[in-house]
Amino acid sequence: MNIAQIIFFASLLLPLHASTLEHQNSNAGDGDTIIFTTLGRSRYEFDIFSLSTTHPPSDSNELRITDGESVNFNGYFPSPSPALISLLPDETLIQLEDSSPLHLIYVTERNGTSSIYYDLIYGGDSDSKMKRRSVLEAPSRVQVPLLSGFDHQSGMTVNSFKDKPSLSGEFLVYVSTHENSGEPRTSWTAVYSTELRTGLTRRLTPSGVADFSPAVSPSGNLTAVASYGERGWTGEVEELSTDIYVFSTRDGTHRVKVVEHGGWPCWVDESTLYFHRRSEEDGWISVYRAILPENGPLTTESVTIQRVTPPGVHAFTPATSPNNHEFIAVATRRPGSDYRHVELLDLQRNEFIELTRLVAPKSHHLNPFLSPDSSRVGYHSCRGEANGRRSPLLFLENIQTTTRDLSLFRIDGSFPSFSPGGDRIAYVKMPGVFVVKPDGSGQREVYNGMAFSTAWDPVRPGVVYSSSGPTFATERTEVDIISIEVDAADKSSSVRRLTTNGKNNAFPWPSPDGKRIVFRSGRTGHKNLYIMDAEKGERGGLWRLTEGAWTDTMCNWSPDGEWIAFASDRESPGSGSFELFLIHPNGTGFRKLIQSGTGGRTNHPIFSPDSKSLVFTSDYAGISAEPISNPHHYQPYGDIFTVKLDGSNLRRLTHNSYEDGTPAWAPRFIHPNNVVLQRRNDSRCSFEDCHWLNKYPTLKGRKISC
């Protein structure tokens, strides 16, 4: 060790200047603010559309049912029950006898939370035009929220993911994540039944079990779900190895497994189910039929399984209508196409009938559902401006929280970080590093290369650190730490490279006095943590903080200077399982903070301004929906959590079926209002379908890929 390194190491033991601490710990405002990223979510703009099943599909006869507000998906055409009709305003009831309204129940993410809505749309039947007497007599749309985010028993706001609604007489059946499973890496997803008139809610899923994709039988007596049962989720991110269970809709009793390996069930009659799974014979995701015995014991051995869709096409998320044995609706991915489309399958002729490709060939169409009379097929799709949207694209989307002292936002960007005063945000778009004010104004690109992670210097105004190079790369990949002077007049000299060996140097974070930077590097063949001089880079002194044949990464320095938090797979190197650890900057005090169960992932820790808590992303709450029902997510299970440094008060902040990650904790409170960012040439609907659907099995001696 040379003299520069000795002096540099000794400086790690010195206390930080008091004025620096006071500045960092200031958190003006009414509480805390956390922002985070959701892969692709800002581009979804889903609305629910419908086509006739009896007329040739065309753009002119496609109906957009939902209103263009927020994101609307996973619809259901109910047969309106007296309880459902009772929720409508009195003046609407007068019109029901004189109209042919369309009834729709669906999931929406408006108002910053997941909700289930009921819409009554006049004139929704294209075969029977609007019959109301005049526009003044009734609105064209009546909208009723079916579930409130307020728990009357506890008197608190409840935030949860809700999904796959259906109606059973007086009861709404759906998925929710509002109850903590109590076990790390165990899904909170369960099926519930809520009486529409009273709001009385009953859990139908057994304790300790997670259920997905519920479907109610035509009589309403039975519910089928995809479930792992007691064995639980093991980290799958593609097609799940769930089984199909059936139980009583009334109270969840008489629960029986009827199909080994299956997902997304739907009923035709009380003894016939359709579902999807990957064929063990040829590898294509296909739709199958399960025929339950009318007499005798109900077991997996007594159920007859028949394959319905042929190899050569991925077919999934089937939809049926009561007692319709003529056709079903499915989503497909065909070789040669990058888009998911909805088709009908004629069960008598065993022929596909194309629908959405003939209407919008370059749009994804997801999760079809059929009307009770089989005359219409619904689905959700993103059309951008063609949706007739009223909502602008958001830079910061306010997400509902359960307390008033925390505001939570989804940012349209990745790896955000706040300037010391909280007056600017840096983030990456891959490629490009950008800065912008929290109100959405003043957006500028400050670096046009491929980069990930951002961190502001706490002392030198306008300096942002980032990692220049590709993400998810090997130890020997050329990635280096750079500093960017975001306010420099001459952009050609605004970027300095602080590491020089190009051996995957990434995730820089400065000490609160601005003298040092902690980062991860693969320079020895393994990714470990190092500390270097903030101005001179590694030439000014380099000290190795961690050492081992594993990966230590995603490091963050606490504002009080006491701790460095990081993610590591050291307990199972190379497995992809990461836990959170803490260590003092001088290498002492090493300890594990939190683990997301066996094989779990806990990443991207960021300290709170008072250094007492961390925000991070994790699969601690397991998976919330079948991944095939969503667009592409590399890891469709990440939610945002906070925890105190002693491991107490673990708190889940986000509830959805997406991939939430790269959080940042603001130094001051931002009021919970949406922020619009005016952008040019912004590409709406620019998300991708599940990447693993691009892989096609061998067919007739050749492997098909797209």
By salt bridge (charged side-chain N to carboxylate O under 4.0 Å, His left out) - contacts of [X] (at least two apart):
X: Asp119; value: Arg141
X: Asp269; value: none
X: Arg277; value: none
X: Glu688; value: none

Parallel, tilted or perpendicular, as decided by the 30° and 60° cut-offs, for the rings of [Y] and [X]:
X: Phe369; Y: Phe77; value: tilted
X: Trp264; Y: His276; value: parallel
X: Phe415; Y: His604; value: perpendicular

Distance alone, cut at 3.5 Å: any donor-acceptor contact between the side chains of [X] and [Y]?
X: Arg410; Y: Thr38; result: yes
X: Ser213; Y: Glu626; result: yes
X: Asn111; Y: Thr113; result: no
X: Asn324; Y: Ser374; result: yes
X: Ser363; Y: Tyr339; result: no
X: Ser181; Y: Thr186; result: no
X: Ser160; Y: Ser176; result: yes
X: Glu69; Y: Thr108; result: no
X: Ser657; Y: Ser624; result: no
X: Ser375; Y: Thr53; result: no
X: Gln635; Y: Asp619; result: no
X: Asp660; Y: Asn656; result: yes
X: Asn694; Y: Arg333; result: yes

**Report entry** Candidate pair Arg41 and Asp412, rule salt bridge (Lys or Arg N to Asp or Glu O under 4.0 Å), full reasoning
**Finding:** CA-CA 8 Å; Arg41 167 60 176 73; Asp412 182 26; over 6 Å; no
Report task. Apply side chain to side chain contact (heavy atoms under 4.5 Å, CB included) to the pair Val259 and Leu273, showing each step before the final yes or no. Result -> CA-CA 10 Å; Val259 174; Leu273 280 168; 5.6 Å; no
Query raised in the report: Is it the case that more than 12 heavy atoms not belonging to Gln306 sit under 6.0 Å from its CD atom?
Result: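 Yes, because the 6.0 Å sphere around CD of Gln306 holds more than 12 heavy atoms from other groups.
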Query - Partner set under side-chain contact (heavy atoms from CB on, under 4.5 Å) for Val675, not counting sequence neighbours - result: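 By the side-chain contact (heavy atoms from CB on, under 4.5 Å) rule, Val675 matches Phe395, Leu396.
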Using a 6.0 Å distance limit plus a 45 degree cone around the ring axis, check whether [X] lies over the aromatic ring of [Y].
X: Arg278; Y: Trp284; result: no
X: Arg110; Y: Tyr117; result: yes
X: Arg289; Y: Phe275; result: no

Counting the benzene-type ring for Trp, do [X] and [Y] have ring centres under 6.0 Å apart?
X: Tyr44; Y: Phe687; answer: yes
X: His633; Y: Tyr658; answer: yes
X: Phe316; Y: His314; answer: no
X: His365; Y: Phe49; answer: no
X: Trp188; Y: His655; answer: yes

Requested in this report: Tell me, with the steps shown, if Tyr634 and His691 meet side chain to side chain contact (heavy atoms under 4.5 Å, CB included).
Outcome: CA-CA 8 Å; Tyr634 290 101; His691 286 184; 3.6 Å; yes
Report task. Kindly compute the distance separating OG (Ser381) from CG (Leu366), expressed to the nearest 0.5 Å. Result ->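 Between atom OG of Ser381 and atom CG of Leu366 there are 7.5 Å.
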Report task. Measure the spacing between CD1 of Ile116 and CD1 of Ile105 and express it to the nearest 0.5 Å. Result ->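 Interatomic distance, Ile116 CD1 to Ile105 CD1, rounded to 0.5 Å: 8.0 Å.
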At their closest point, which heavy atom of [X] faces which heavy atom of [Y], and how far apart are they?
X: Thr37; Y: Pro416; value: OG1-CD, 3.9 Å
X: His364; Y: Asp338; value: CE1-O, 3.1 Å
X: Ser414; Y: Met430; value: CB-CE, 4.5 Å
X: Ala329; Y: Leu344; value: CB-CD2, 3.9 Å
X: Pro318; Y: Cys266; value: O-SG, 3.5 Å
X: Ile628; Y: Cys690; value: CA-SG, 4.3 Å

Requested in this report: Could you walk me through whether Thr189 and Thr177 pass side-chain hydrogen bond (donor to acceptor under 3.5 Å, both in side chains), step by step?
Outcome: CA-CA 5 Å; Thr189 305; Thr177 60; over 6 Å; no
Query raised in the report: Would Tyr174 and Thr194 count as a side-chain hydrogen bond (donor to acceptor under 3.5 Å, both in side chains) if you check the C-alpha gap in whole Å, the side-chain angles of each, and the deciding distance to 0.1 Å?
Result: CA-CA 8 Å; Tyr174 57 97; Thr194 295; 2.7 Å; yes
Requested in this report: Step by step, work out the side-chain hydrogen bond (donor to acceptor under 3.5 Å, both in side chains) result for Ser629 and Asn367.
Outcome: CA-CA 6 Å; Ser629 66; Asn367 304 352; 4.5 Å; no
Query - Partner set under side-chain hydrogen bond (donor to acceptor under 3.5 Å, both in side chains) for Ser279, not counting sequence neighbours - result: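 Counting only residues at least two positions away or on another chain, Ser279 forms a side-chain hydrogen bond (donor to acceptor under 3.5 Å, both in side chains) with Asp282, Arg307.
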Query raised in the report: Are Glu343 and Arg357 close enough, and set up right, to give a salt bridge (Lys or Arg N to Asp or Glu O under 4.0 Å), and what steps lead you there?
Result: CA-CA 9 Å; Glu343 305 183 36; Arg357 190 189 67 82; over 6 Å; no
